[in-house]
Structures are given as C-alpha cells and as structure tokens.
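Here is the structure we will look at.
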Amino acid sequence: MSSQLLRLAGLVLGVMMMAVPAHANDLKDQIASTGKLRVAIGISPAGGAFWSTRTEAGGYAGVPVDLGKAMAAQLGVPVEYVAYQNSGQITDATANNSWDITFLPKDPERAARMTFGPIYEVADATYIVKPGSTIKTFADLDQDGVKVAAVNNTTTMRGAIAHLKHAKVTGYQTYDEIFNLLKSGEVDAFALSRDQLHAMAKKIPGTRVLDETFKQTVTAVAVPLNHPLAAAFAAKFMTEATTNGTLRKAYDDNGMKDSPIRTQTK
C-alpha cells in the first residue's frame, strides 16, 4: 500500500474514532444534560406498568424505576428519580426541563407536548363502584347525580369524560385521596385500569369492578420535544427491552408476574 493510501486510511480511521465519542456526547447532552438521567415517575400504591411506590428505605420501586435504572446504566450515567403525584403533573413539567425521560400513558394531547417511543403496555380502563352500590353496568353508572372520580388530568380521566354523558367526572390529585373517598362512599365510582381496580377491590370489601371496558390506555416511553437523539435512543432501548428480558424482569420484580406484555391495542 502506498504511503498516500496509508495516510488516507489513517485519516478515515481517525475521523471515525472521533465521530463515535462526538455522537455519544451529543446524545448525553440531550438525554442527560445534568450528568444524570432524570426519570420522571408517578407515585401511588396502585402499582402496574406506570405507577411507582416509595420504599421503606426511602427509595422507589416500580416498572419505570427499573427501566430507568437500566437505561442509565446503558448510557453510563447515574440515575435520578423525579417524583410526581400523577401523570398529568409529569406532562405539565415537560416545559420546565425537570426530567429527561419518562414512562407514561399516551394520548393525543400528550403526543403534542412530548415525543413518545414504543408502547410497552396496553390496559383496559373501566370503573370500580363503591361498597354496596347497585350499579352493575355502564348504563347504570351513566346517570344524573352519579359521582365518578379519576386521577386529575390523566388519559383515563379524559376518556371517562368522553364516555359518560350524564354522570359527573371529577379529578383528584392522588390515588390515595380517591381510594378513601370510594371507601367512605363519598364518590360512586373510580375510573382506572382494570388490573389496578381489581387490586383495589381486595382492599375495599363490597366494591365491584364493572365488566365492560370504556377505553384502552397505552403506556410508552417519552422524552421532551426536539430531542431527536434522545428519542431514538429511548425507542431503541424499549424495543430491545421487550425482547431481551429487561421488561419482563421489571414486570416480574414488581408484582406483575401474571401480567402479559401487551404492545399492541386490539
């Protein structure tokens, strides 16, 4: 090989070696600009694919917690969890540069405010009715004077408002607040995903989860708008997580061993 070709090969190799760390640095500037991966999580005892809980040791546990930890490890940065009371608060904080990545229910309103990646959970939304209620169907529920609670500014709340024409839907900030209102009979029903409501029914004797479904809620990874490198990384991570066992392990480690991974709506 001539000296000229050797010099050209060396130049190309040098450019390639420089490009890799440059791209990595650009990615970290978008997805971990503070030097940490800030993962926005919603706190509630409801569990499931979106909600996380506080641990006795002062930390957090949940599917998003485990996914965020694995993502940070792949990036080679520490993880930091930013806790909110509900998914609506996470959405509102998007414009404040308060978090880098999140895992939350998706709907058209949120899709206009952040970039979503692959869906990793599909949940059927319905209602649980208070102890002793005679309500058995959606038709029974959708009557004037019936009080339905939902977590404020969530996809489920918007779905319930669209679904019910006569019953009044009121938003509350926390799951715990609604749990107590339902238990005391101050609200007639609570709109949430079926799996979470079945878990609630075990804690409040006399309640009933209705058989019908009024919408399917999809949960996905998301990043703030105008972060294309972060969005591409998150999409690749979640695509791989659904096939390499990362997502399955997160489910199993957080009380969801019997829950199948659903990535497509019906």
Side-chain angles (χ1 to χ4, degrees), residues 19-44 46-87 89-106 110-111 113-121 218-257 259 261 263:
V20 172
H23 177 79
N25 289 336
D26 289 343
L27 171 60
K28 288 183 179 180
D29 285 344
Q30 279 195 10
I31 202 168
S33 59
T34 63
K36 299 178 181 180
L37 181 67
R38 299 171 299 168
V39 182
I41 55 175
I43 300 299
S44 162
F50 161 67
W51 294 105
S52 298
T53 60
R54 298 185 189 276
T55 66
E56 292 182 0
Y60 301 102
V63 172
V65 171
D66 290 355
L67 293 176
K69 182 179 180 180
M71 187 179 288
Q74 194 171 119
L75 287 166
V77 298
V79 64
E80 177 182 344
Y81 300 106
V82 187
Y84 296 89
Q85 291 181 314
N86 57 58
S87 59
Q89 290 183 354
I90 294 175
T91 303
D92 290 341
T94 305
N96 301 331
N97 189 32
S98 302
W99 54 265
D100 302 306
I101 195 87
T102 192
F103 306 85
L104 80 172
K106 174 185 177 182
R110 289 179 179 168
R113 301 175 67 180
M114 61 188 78
T115 302
F116 282 90
I119 295 168
Y120 69 90
E121 168 72 355
V218 298
T219 304
V221 65
V223 302
L225 292 175
N226 303 315
H227 287 62
L229 294 178
F233 175 83
K236 182 175 183 292
F237 173 88
M238 287 306 302
T239 299
E240 293 174 348
T242 59
T243 58
N244 66 15
T246 299
L247 182 58
R248 181 71 265 169
K249 186 176 187 304
Y251 272 40
D252 293 349
D253 290 349
N254 290 283
M256 299 180 66
K257 288 185 177 180
S259 299
I261 292 173
T263 60

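The analysis underlying the following values was restricted to heavy atoms, covering all of them including side chains, and did not include hydrogens, waters or symmetry mates.
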Worksheet item: Hey, does V39 have a side-chain heavy atom less than 4.5 Å from the side chain of V65?
Response: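 Side chain of V65 against side chain of V39, heavy atoms only: no contact under 4.5 Å found.
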Worksheet item: Are any of the side-chain heavy atoms of V79 and M71 separated by less than 4.5 Å?
Response: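 The answer is no, as the side chains (C-beta and beyond) never meet within the 4.5 Å cut-off.
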Quick one: closest heavy-atom pair of [X] and [Y], and the distance?
{"X": "A222", "Y": "M114", "value": "CB-SD, 3.6 Å"}
{"X": "V77", "Y": "A32", "value": "CG2-CB, 4.3 Å"}
{"X": "W99", "Y": "P224", "value": "CZ3-CD, 3.7 Å"}
{"X": "L37", "Y": "A72", "value": "CD2-N, 3.6 Å"}
{"X": "A220", "Y": "P118", "value": "CB-O, 3.4 Å"}
{"X": "G62", "Y": "S52", "value": "CA-OG, 4.0 Å"}

Discussion item. Regarding D100 and K36, does a basic nitrogen lie under 4.0 Å from an acidic carboxylate oxygen?
Written reply: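 No.
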Drop me the distance from [X]'s [atom1] to [Y]'s [atom2], to the nearest 0.5 angstrom.
{"X": "W51", "Y": "I41", "atom1": "CH2", "atom2": "CD1", "value": "11.0 Å"}
{"X": "R54", "Y": "I43", "atom1": "CZ", "atom2": "CD1", "value": "5.0 Å"}
{"X": "Y120", "Y": "F50", "atom1": "OH", "atom2": "CZ", "value": "8.0 Å"}
{"X": "D29", "Y": "H227", "atom1": "CG", "atom2": "NE2", "value": "10.0 Å"}
{"X": "Q30", "Y": "N226", "atom1": "CD", "atom2": "CG", "value": "9.0 Å"}
{"X": "L104", "Y": "T94", "atom1": "CG", "atom2": "OG1", "value": "8.0 Å"}

Practice prompt. Please test M256 against I261 for side-chain contact (heavy atoms from CB on, under 4.5 Å), starting from the C-alpha separation and ending with a verdict.
Written response: CA-CA 10 Å; M256 299 180 66; I261 292 173; over 6 Å; no
Without swapping roles, check the side chain of [X] against the backbone of [Y] for a donor-acceptor pair under 3.5 Å.
{"X": "T102", "Y": "A40", "result": "yes"}
{"X": "R110", "Y": "P105", "result": "yes"}
{"X": "R38", "Y": "S33", "result": "no"}

Worksheet item: For L229 and I31, what are the C-alpha separation, side-chain angles and deciding distance, and is it a side-chain contact (heavy atoms from CB on, under 4.5 Å)?
Response: CA-CA 8 Å; L229 294 178; I31 202 168; over 6 Å; no
Discussion item. Go through it in stages, so that I can follow the logic: the residues are F103 and E121, the test is side-chain contact (heavy atoms from CB on, under 4.5 Å), and I'd like the CA-CA distance, side-chain angles, deciding distance and then a yes or no.
Written reply: CA-CA 10 Å; F103 306 85; E121 168 72 355; over 6 Å; no
Practice prompt. With sequence neighbours left out, write down each residue that passes salt bridge (charged side-chain N to carboxylate O under 4.0 Å, His left out) with D252, or none if nothing qualifies.
Written response: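 D252: salt bridge (charged side-chain N to carboxylate O under 4.0 Å, His left out) contacts with R248.
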In a table with atom names and distances, give each donor-acceptor pair under 3.5 Å that connects a side chain of residues 232-239 to protein atoms at least two apart or in another chain.
unit_1	atom_1	unit_2	atom_2	d
K236	NZ	E240	OE2	2.7
T239	OG1	A235	O	2.8

Fill in: Pairwise side-chain hydrogen bond (donor to acceptor under 3.5 Å, both in side chains) hits with a residue in residues 66-78, at least two apart
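Residue pairs passing side-chain hydrogen bond (donor to acceptor under 3.5 Å, both in side chains), neighbours aside: D66-N254.
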